[in-house]
Every structure is written in C-alpha cells, then in structure tokens.
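Source: prediction; values computed, not measured. Naming: A, B, ... by sequence-line order, numbering from 1 per chain.
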Amino acid sequence: MSQGRIDDFVTDRGFGQLDQLLEKLGITREAIASTSAEVIKFNNAIAGSQTLQEYAKNSVNASEALDKVEKSVEKARLAEIRLQQAREKAFDDYEKKLAKQTAANIKANSEYLKLVNSLKLAERAAQDAGAKFGVASQQYIQAAESANKIRSEIEAIDKPLNTFTNNTDRYTKGIIGFFGKAYSGIRTLANIIPAFGIGTAFLFLFEGIKKAADMLGLFNTQVSDAQKNLSNLNSVVQSANKSAADQATNLKILYAAATDVNNSYNQRIAAAEELKKQFPDTYKNDSDLAIISGQLSAQTQQLTKDIYENARARAAASKISELAAQQLDIDFQKQKIIAAKNQEIANVKPSTRAQSANTDAVGGFLTPAQQQASVRAQQQTLRDLLRGELEQQDAKRKSLQNQIDFLTKFAGGNNKIAQALSTGNTPTDKKTDPKTQLEEQLKAIKLAEDKVLEDENSTYEERIAATTAFYNTSYDLIKRASDKNVLTQIETSNKLSEIDLSANRDRLKIRQVAEKKLLDSLKEGLRGQEDAERASIEAVQDAGSQKVAAIQQNAADAEEALAKQYADGLINQKEYQTQLTAIEDQADIDGLDQEIITAKAIIDIRKGLLAFGIGSAKELQSAEDKLQNLKIQRTKSATKAVLDGLKTEGDARQQLHQREKELAESSLALIQEVVDSGYQSQIQKLQDVANQIDENANHEKQQVNNSILSSKEKARQTAVIDAQAQQKKQQLEQESKKLQEKQAETDRLFTIAKIIEQTAIAAIAALAPPPIGLGPVAGIPLAAVVSAIGAAQIATVLATPLPKYEKGGTVKKDGPIITGEAGTELRIDPSGKMSLTDDHANISYAKAGTKIISNRELVKMLGKPEQVAFISSSTGDNKKMEKLLTEINAGIRQQRRPVVNVNNGKWGQFSYTRNF
Amino acid sequence: MLAIFKKPLQKSSCFDTCNEVSMAAFIDAIIDNNLSGLIKSGTPTLDELNAAWEKVFNEYLKISGDTHVSTLLELLKSIAVLSNKLRLIEIIVNELLNYHDNELATHLQSLGFRFQYKNGPELKHELEITIVQAKALLLQVKQDQAELEELRQSEGSAATRQDYELQFSAIEEFKSVAIDPNTYTVSRYCADIKRMKERYKPQAA
C-alpha cells in the first residue's frame with residue numbers, strides 16, 4: 001500500500017507561508033484596533049481643544065491616525081486575499097492526495113480483512129492441531145507459526161493504517177490554525193465516506209454535521225438497510241441452499257459414481273446415463289465415455305454453480321415478491337394518511353379567542369384577519385405533520401426498494417431471475433413429455449414477466465426489459481425445441497406468432513400505462529405547481545412581512561438606543577430630534593422598499609401562474625395596483641425624508657436663505673419706503689401748499705371784507721380770490737394725483753422686483769444638495785471639513801477689529817463701524833434719517849438698528865431716475881448724489897445689461913433691466 | 001578648532017504677550033502672515049515663532065471680547081469629531097462583520113454605542129442598528145457644515161492695513177495723541193478701542 005504521509009502533502013514551506021500570511025493578517029488586524037484607539041484619542045483631544053491651533057494640531061493627528069487605520073484595513077484585505085489563495089492551493093493539493101491515499105487505504109483494508117479471516121482459520125487450525133496432536137507436536141508448532149506469520153502481516157498493514165490515521169490527525173491539528181476546528185470533523189467524515197470526497201464533506205461545515213449526515217443517510221437509513229439486506233441475503237441464501245442442496249447432492253453423487261474408477265464400468269455407464277437423463281441440458285450431447293473419463297469436470301462444476309445460482313434467483317424472486325407486497329401496503333397506508341389529514345385540514349375552524357396574553361387581540365378576541373391567520377397556521381401545522389408522516393412512509397418504502405434492488409443485483413438482475421424462474425438446470429422429470437415441459441417453461445417465463453408488469457413499482461425500463469426477456473427467452477426455447485424436433489415447423493411458427501403477439505400486446509400495454517401515468521403525473525404536477533406557487537406567494541408575503549417587521553424593529557431599537565443616549569445626556573434635544581426624524585424616515589423608506597420587492601416577486605409569480613392558466617388576471621391587476629400604490633408611497637416618503645433632511649441639515653442654510661430673502665425684501669421694502677415717503681412727502685407738500693392757498697385766500701378775503709369797498713365789489717373780488725385759489729388747488733390736486741399714480745406704479749414695480757428676488761432665492765435653494773444618501777455611511781468629503789489653514793484664515797477675518805458693512809446689513813450693537821470701503825453707501829438711522837456715506841473707508845458711530853444699504857444695493861436702487869430724485873431730496877446731499885450717479889452712469893455704459901423677462905400672470909409680461 | 005573661534009550660542013526669544021507685541025508686528029502677522037516682528041532676540045525657529053503668534057493671537061481674542069472665533073472653533077471641532085467618528089464607525093462595523101475583535105467592539109462602545117457587540121447571533125443586528133444611528137449623526141455633521149458656511153458667508157472680507165490705519169486715525173482723534181504703530185502695543189490698542197466704543201456711543205436722536 002501507499003506509504004504517503006498526509007502532512008507531506010503541504011510542504012513545510014507551504015505551512016511556513018500559511019503561517020506567515022496568518023501572522024501578517026493578525027498584525028494588520030491588531031494595527032486596525034490600535035490605530036482606531038489613536039483616532040479615538042485624538043478625536044477626544046479635538047473635542048477638548050481650547051484654541052484653533054490646538055484644534056488644528058489634534059485634527060491633523062486624528063487625520064493621520066485615520067489614514068493609518070484605512071491603510072491597515074487595506075493591508076488586512078490584501079492579507080485575507082493572499083491567505084485565501086494559499087488555503088485554496090493547499091486544499092487542492094490535499095484533496096487530490098487524500099483521494100489517492102483513501103483509495104490505497106481501502107485496498108489495504110481489504111487485504112487486512114482477508115488476513116484477519118485467514119488468521120482466524122489459522123488460529124483455529126492451531127487449536128485443533130494442539131488438541132489432536134498436543135501443543136508440543138510438530139503439527140501444532142507449524143500451525144502456530146502460520147498464525148503468527150499472518151498476525152505479523154496484519155500488523156504490517158495495521159501499522160501504516162494507524163500511521164495514516166495519526167498523520168491525518170497531525171495534519172488536521174496543523175491546519176486547525178488555518179481552517180478552524182470544523183475541518184477536523186470534515187476530514188474525519190471524508191475518511192469515513194471517501195466516496196463523497198472532501199468537497200461533499202465540506203457540506204458539513206455549512207449545514208451542520210448532523211444535518212448533512214441525515215441528508216446523506218449515512219448513519220440511519222443506509223446502515224439500517226445494510227442490516228436488512230444482510231438479513232434478507234441470509235434468508236435467501238438459506239432458502240436457495242435448501243432448495244439446491246438435493247439437486248447438487250444428486251449431481252455430485254452421480255458424477256462421482258460415473259468417474260470413480262473403483263466402480264465397475266457398468267456402474268459408471270449407468271451413472272452417466274442417469275446424469276444425461278436428469279441433466280439433459282448439460283450432458284445430452286456428450287457421450288457416456290466422455291462422462292466417465294472425467295472430461296466433463298468443468299461442465300459439472302458449472303452445472304453445480306448454476307443450480308445454486310438459479311436456486312438463489314428463485315429464492316430472491318420470492319423474497320422480492322414479499323418485499324413488493326410490503327411496498328403495496330405502504331402505498332395503501334399513505335393514501336389513508338393523506339385522506340385522513342386532508343379531512344382534518346378541511347375541518348379546521350377559526351378560533352375566536354386569543355390563545356395567549358401576549359397578543360394584539362382586542363379584549364382577548366381575535367379579529368377576522370387574525371382568525372384567518374389562525375386557520376392558516378393550524379392548517380400549516382397539519383400539512384407539516386402530514387409531510388412528516390408521508391416522509392416516514394416514503395423512507396420505509398425507499399428502504400424496501402433498496403432491499404429489492406439489492407436482492408435483484410444479488411440474484412444477477414431481473415433477467416436472471418426471469419430466466420431462473422423459467423429454465424434452469426432443474427432435474428428433468430423423466431416422465432414429462434418434452435412438449436409439456438416446453439409449455440410449462442413458457443408459462444413460467446410468462447409468469448415471471450407478468451410479475452414484473454403487475455408490480456406497480458416496476459419502472460418503465462424494468463417492464464420493457466421483462467417483456468424483452470420474455471420474448472427472447474421464449475423464442476430461444478421454441479427454436480431449441482424446434483431444432484430438437486419437439487415442435488413441428490407449423491407448431492414452431494404458431495408458437496413464435498403467439499409470443500410475438502403476446503410481447504407486442506404487452507409492449508402496447510406498457511406504453512399505454514406509461515402514457516397514462518405520465519398524463520396523471522403532469523396533471524398532478526400542475527396541481528402541485530399551483531399549490532406550490534400559491535404557497536410560494538404566501539411564503540414571499542410572510543418573508544416580506546418578517547423583513548418589514550425586522551426593519552421596524554431595527555428602527556425601534558435604534559430609537560430606544562437614541563432615547564437612552566438623550567436620557568444619559570450624551571446628546572442634546574436638538575440632536576435627538578434630528579436623529580430621531582432621520583431614523584423614522586429611513587425606516588419608512590426601507591420598509592416600503594421591502595414591500596415593493598415583495599410586491600414585485602408576487603407579480604412575477606402571478607404572471608407565471610397566469611401563463612399556465614392558473615389564477616386570474618384580476619389578481620395580477622390587483623397586485624400591480626398595489627405595487628403602484630407602494631411606489632407612490634415610497635416617493636412620498638422619500639420626499640418627506642428629503643424635506644426633513646433639508647429642514648435639519650440645511651436649518652442654518654435655510655436661515656441663511658431666509659436671511660438673504662429678508663435682506664432682499666427689507667432692502668426692497670426700505671427702498672419702497674424711501675420712495676413712498678418721497679411721494680408722500682411731495683403729496684404732503686402739495687397739500688400744504690393747497691392749505692396755504694386756502695389760508696391765503698381766506699386772508700385776502702378777510703382783507704377785502706375789512707376794506708371800504710362796496711358790497712358788490714367785495715363780492716366780486718372775493719369770487720375772484722376763490723376762483724384763483726380753486727384753480728391753483730385744482731392744479732395741485734392734479735399734481736398730487738399724478739404723484740399718487742406714480743407711487744402706485746412704483747409700488748407695482750417693487751412688487752415685481754420682490755417676486756424676481758424671491759424666485760432667484762428659491763432657485764438657489766432648490767440647487768442645494770440633498771441632505772443624506774440612502775446608502776451605507778459614506779465617508780465625509782474631506783473638502784467639506786475646514787482645514788487648519790482655512791480655519792486660521794477664517795479666524796483672521798473674524799478678528800477684524802471693527803464691523804464692516806460693505807455687503808450692507810443692520811448694525812447689531814452700538815459702536816464704531818467702518819463704512820464706505822466699497823463705495824458710497826446709504827445709511828438709515830433707526831430714527832429714519834437717511835444719509836450717504838463717503839465713497840472711501842471711514843469710521844463712523846452707529847446705533848444698533850442702523851441700516852446700511854450697500855453700494856451695490858444703492859446702485860440698484862438708482863436704476864430709476866425718479867428714485868434718484870427722491871433719495872437726493874431725502875438725504876439732501878446733492879453733491880455726493882451727483883458724484884455717485886456720475887460713477888454709476890460711467891459703470892453702466894461699460895456693462896452689458898442683461899434683460900430679465902418675467903411672465904407673471906397677474907402683472908403680465910414684464911421686462912426688467914438689471915443695472916448691476 | 002580652537003575654542004576661541006567658536007561663536008557663543010545665541011539664545012533666541014520671542015514676544016508672546018499682547019503687552020509686548022507692537023501693533024505694527026501684529027498687523028504684519030495678521031495681514032501678511034509675517035511673524036518676524038515677534039522676534040525679541042536671536043534667530044528663533046519657525047515653530048517657535050508660530051507658537052509665540054498662537055499665544056499672542058489667543059490673548060488678543062480674549063481681551064478684545066471677540067465671540068466669532070469661539071463659535072467658529074466649536075463648529076470646526078464638532079465637524080471634525082463627528083466626521084472622524086463616522087468614518088471610524090464605518091470601518092469598525094465592516095471589520096466586525098468580517099471577524100470578531102473584542103478591542104474593536106470596545107472602541108465602538110467608546111464611540112457612544114451601548115451594545116455589547118459580543119460574538120454571536122445578536123452581533124449582526126447590533127451592527128445594523130449602529131449603522132442606522134450613525135446615519136443620523138451624518139445629518140448633524142451636515143448641519144454643522146451649513147452653519148459654518150453661513151458664518152463664513154455672513155462675515156465681510158479680511159481685515160486690511162487700511163482698516164487699521166483708519167482706526168488709528170480715529171483713536172488719534174479720540175485721544176488727541178499721535179500713534180506710532182511700532183510702539184503702540186496690541187493690549188493698548190484693544191483697551192483704546194473699548195474705551196472709544198464706550199465714549200462715542202451714538203446719542204439718542
């Protein structure tokens with residue numbers, strides 16, 4: 001036998017490489033843990049930073065540590081891949097060598113068993129020799145030596161066998177470090193069942209040893225079947241031996257008598273004649289001399305063997321019939337079980353009361369949906385029981401079939417059985433007519449065929465084989481009978497026609513039965529398919545519900561953990577609310593995603609069913625409607641999540657937009673206020689003038705009345721004064737009306753301008769990125785994290801000693817401010833007083849609430865000449881205004897002025913020329 | 001070499017307090033990042049100069065009563081801590097899904113998650129919930145980033161020399177004395193600005 005050692009299959013170098021790779025993997029994993037600790041340490045240091053410099057330093061340290069962690073992770077992945085590759089190589093080599101070694105092992109085992117039997121015989125012989133001749137006799141000593149020699153041979157095989165086992169153990173121990181303890185079990189099983197190979201044995205790793213062993217039927221069915229087969233075999237052999245013993249003994253005696261030279265010639269001839277009579281098939285063509293001379297020794301031995309084989313085949317056939325009858329009983333039993341269980345399933349009634357306190361049932365009563373679920377659950381339990389019982393019966397039936405197969409194989413196959421039943425070297429009845437004998441043989445052959453055909457468990461191939469055997473064997477017998485002139489030509493022809501007809505009829509019948517079975521099977525299959533697919537819909541629904549429940553449970557757990565963090569003061573209320581909303585939104589979306597997956601799977605199944613004419617289009621439509629609704633819900637939930645995210649993530653951003661909006665609106669409102677106040681002021685002035693006219697007119701009229709003029713003249717002059725005053729007032733009213741119209745027109749323009757501003761802001765807001773991806777926790781873009789240098793720059797900006805308002809704004813605290821650094825600005829004090837700043841940087845003092853209209857805004861305002869007039873009159877600083885306008889006009893000439901077209905339903909088409 | 005030719009080692013030193021540093025040196029540092037004005041003696045290294053500037057600038061922030069920088073610092077810290085935390089959570093969760101490691105499990109706990117992370121059937125579930133919670137932290141980071149952006153947007157441009165000159169002229173007018181930025185210290189400047197603000201509060205209209 002092969003002396004290969006299994007631990008030689010993986011070389012020391014190979015082991016060394018695996019060791020090194022494993023060590024490297026361990027080192028990189030340790031590095032991940034230790035550098036992670038560094039990240040945590042530096043992160044804590046960042047949190048405790050008191051200055052920007054400290055922050056920067058700790059931030060750099062943390063980033064570097066994080067880089068180290070990531071590099072370690074990469075290294076670990078690489079080490080895992082290399083180790084895996086090395087393992088696979090080791091496994092390949094091992095599997096090949098193991099197969100070779102196992103074959104050698106089996107061979108050695110076979111030799112070993114032979115020797116063990118020899119040893120038993122030798123020991124027995126030695127004992128006999130000792131008893132007969134004495135333990136000091138030569139015979140005993142020789143026999144004992146013989147036994148010892150065999151024992152040493154056994155040890156010679158046993159030792160390498162043990163070495164094999166030890167080596168495999170060593171190897172297993174050696175590779176435990178790489179493959180884990182489970183491999184030991186696999187290796188052991190692979191040795192127990194070498195035929196399966198290591199690949200099959202690997203099943204055990206994943207399925208569990210017991211499950212896999214059960215699946216392969218290693219320790220129950222097959223062992224049990226083997227015992228039964230042995231038992232059957234014993235029974236058959238005993239029966240066959242008993243049956244064949246008489247014939248074989250008779251043959252032996254006759255042949256011995258015919259060939260025994262101590263007998264007289266006549267006795268020997270008589271014995272030879274008798275042999276020819278009793279065993280004509282063997283000896284009919286041989287001469288008596290040939291028999292008595294011992295030339296037919298081989299034929300006689302073959303005949304003896306045939307006698308035993310045929311007897312064994314007949315005994316096996318008898319046992320097979322017995323086993324087949326038991327199979328029929330099992331089939332009958334199965335039908336009874338199915339009928340009884342189906343009845344039970346049909347009789348299941350819904351329970352109206354809750355079985356457990358831990359239920360959602362209201363007041364302990366189940367809802368209709370819960371009742372249906374209860375019925376389904378009970379029915380499922382009954383189906384499971386039925387399946388279990390049927391599996392038991394099937395196992396029994398399979399066991400019987402295994403025994404039948406074994407016996408059939410033992411007896412030399414179905415043909416051999418049929419042949420043995422029909423022919424065989426049975427002793428020929430000396431008195432039987434050859435024709436009658438032929439008839440009986442043909443009947444026996446037909447009987448054997450019928451037995452196979454009538455057996456419900458016979459396969460199509462077995463039936464065809466039985467019919468073919470019937471035809472061929474019968475044909476041979478008839479032809480032989482014809483050759484021997486037992487049958488005439490006509491009789492031969494008729495007989496051949498009969499068996500031909502019979503065989504064809506049988507073949508047709510077999511085909512019809514097969515077709516019927518096939519049809520039944522198809523029908524059953526379709527019914528089974530329908531049930532299976534309906535069951536699969538339920539299974540998909542159940543699995544989907546479980547996954548949704550798991551998602552909800554995960555979210556609930558996360559919320560609980562979050563609440564605990566909040567309760568422990570690890571996060572503040574704002575963080576809690578933000579994270580809670582995110583978790584809830586995510587759970588909603590994940591749940592709907594799962595429901596969509598389930599709905600799609602169900603639609604696929606229903607489509608498949610419909611293609612086979614099972615189910616209805618309505619059911620499919622309903623499933624598709626449900627899917628559509630789920631998709632709509634998913635969109636809504638996703639939108640809600642985005643909105644929530646925007647609300648949370650962009651809270652500050654929104655505030656910024658809001659502030660911009662407010663600023664823009666307040667700027668516009670301010671401008672409008674300024675302009676309105678200008679109009680109002682002018683209108684008021686006109687009113688004042690009108691009042692003054694009235695007053696003057698009254699005064700003049702008073703003077704006229706106090707004069708010495710005649711009453712008539714007084715009346716005329718008074719009328720003239722009134723008319724003049726009225727005329728002037730009418731002119732003033734017209735002017736006032738014009739101003740009011742202009743004010744209204746300006747208001748309208750401001751409204752449009754507001755719309756434009758708001759639209760622009762909304763557009764900017766719409767471009768804001770979504771709050772959070774739905775994938776796994778992605779790395780934070782590093783660009784978003786302000787670098788240490790960036791932080792210092794911001795710090796210097798923030799460290800500007802005095803507030804600057806080059807972008808405009810409202811002064812928050814009383815104090816000095818810098819104005820005019822970007823050109824002339826409009827300053828409006830809280831009292832409403834307006835003034836223009838210098839066009840260069842200047843320090844001035846401002847009260848909180850003072851508004852600074854930036855140079856940019858101011859230029860924008862001055863796009864309309866009438867506004868120039870109002871601002872000019874409001875500030876009273878014509879010089880600065882003139883300079884400002886000169887600069888603006890110079891700037892405008894150099895600019896391309898974009899025209900913004902706004903189509904607003906209420907206001908119609910409006911073209912707005914932007915001056916900035 | 002004879003000892004007589006050896007140059008004695010010159011000890012370097014820097015100005016590192018606001019009452020030592022002149023406004024001229026301060027402006028050079030803050031506007032041009034030129035720290036040479038902080039050299040008191042010898043030839044200090046860049047690290048020494050940076051350390052001195054760090055000290056001066058922090059003192060300046062303190063005595064000028066500026067709150068913007070502390071807000072900025074808090075936001076930067078929060079963003080960095082949460083970002084690092086999230087990245088580390090992702091790495092550790094992935095590793096624990098691959099193989100169990102007690103040390104990594106402990107790290108995850110120290111990052112604020114209260115699960116046991118023991119090797120067993122519960123581990124996967126616990127890691128899934130950890131990820132769910134971590135997603136919520138991501139929002140917090142983004143919120144901080146938005147606030148930081150707002151802070152940056154809401155402020156004006158960086159200070160210029162002209163800004164300081166403007167202030168010096170205002171202080172000169174206020175104090176009726178000429179200011180020499182080379183001798184005028186940062187602490188004096190901060191005190192004068194405070195006093196000037198108090199004195200010239202706008203009168204009620």
message: Given heavy-atom pairs under 4.5 angstrom as the criterion, report whether the side chain, backbone, both or neither of A:D568 touches chain B.
response: side chain

Residue pair B:L73 / A:S49: nearest heavy atoms and the distance that separates them: CD2-O, 4.0 Å

- request: State, to 0.1 Å, how close B:H107 and A:S36 come at their nearest heavy-atom pair, and which atoms those are.
  value: CD2-CB, 3.6 Å

message: Check this for me: does any side-chain nitrogen of one of B:E95 and A:R29 sit under 4.0 Å from a carboxylate oxygen of the other?
response: no

Separation of A:D557 CG from B:F115 CZ (nearest 0.5 Å): 6.5 Å

message: Quick check for you: to the nearest 0.5 Å, what is the distance between B:E128 atom CD and A:I551 atom CD1?
response: 9.5 Å

query: Where does A:Q50 contact chain B at under 4.5 Å (heavy atoms): side chain, backbone, both or neither?
result: backbone

- request: Under 4.5 Å, counting heavy-atom pairs only, tell me which of B:L111, B:I92, B:N98 racks up the most with chain A.
  value: B:N98

field: Heavy-atom closest contact (B:L104 atom, A:A33 atom, distance)
entry: CD2-CA, 3.8 Å

query: Does atom NZ of B:K118 have more than 12 heavy-atom neighbours, drawn from other residues, nucleotides or ligands, at distances under 6.0 Å?
result: no

- request: Would you indicate whether B:K77, at its atom NZ, is surrounded by more than 12 heavy atoms from other residues, nucleotides or ligands within a distance under 6.0 Å?
  value: yes

message: Just verifying a value: how many Å separate A:I46 CD1 and B:L82 CG, rounded to the nearest 0.5 Å?
response: 10.5 Å

- prompt: From A:Q565 CD over to B:R114 CZ, what is the distance, rounded to the nearest 0.5 angstrom?
  reply: 7.0 Å

query: CG/B:N94 to CD1/A:I32 distance, rounded to the nearest 0.5 angstrom?
result: 10.5 Å

- line: Distance col, row B:Q133:CD vs A:Q586:CD, nearest 0.5 angstrom, shows 13.5 Å

- request: Against chain B, work out which of A:R77, A:E559, A:K564 has the most heavy-atom pairs shorter than 4.5 Å and name it.
  value: A:R77

Chain A contact via B:I91 - side chain, backbone, both or neither, heavy atoms under 4.5 Å: side chain

message: Please determine whether the number of non-hydrogen atoms from other residues, nucleotides or ligands lying under 6.0 Å from atom CD of B:Q109 exceeds 12.
response: yes

field: Residue pair B:K85 / A:N43, side-chain heavy-atom distance below 4.5 Å
entry: yes

Heavy-atom neighbours of A:K71 NZ exceed 12 at 6.0 Å: no

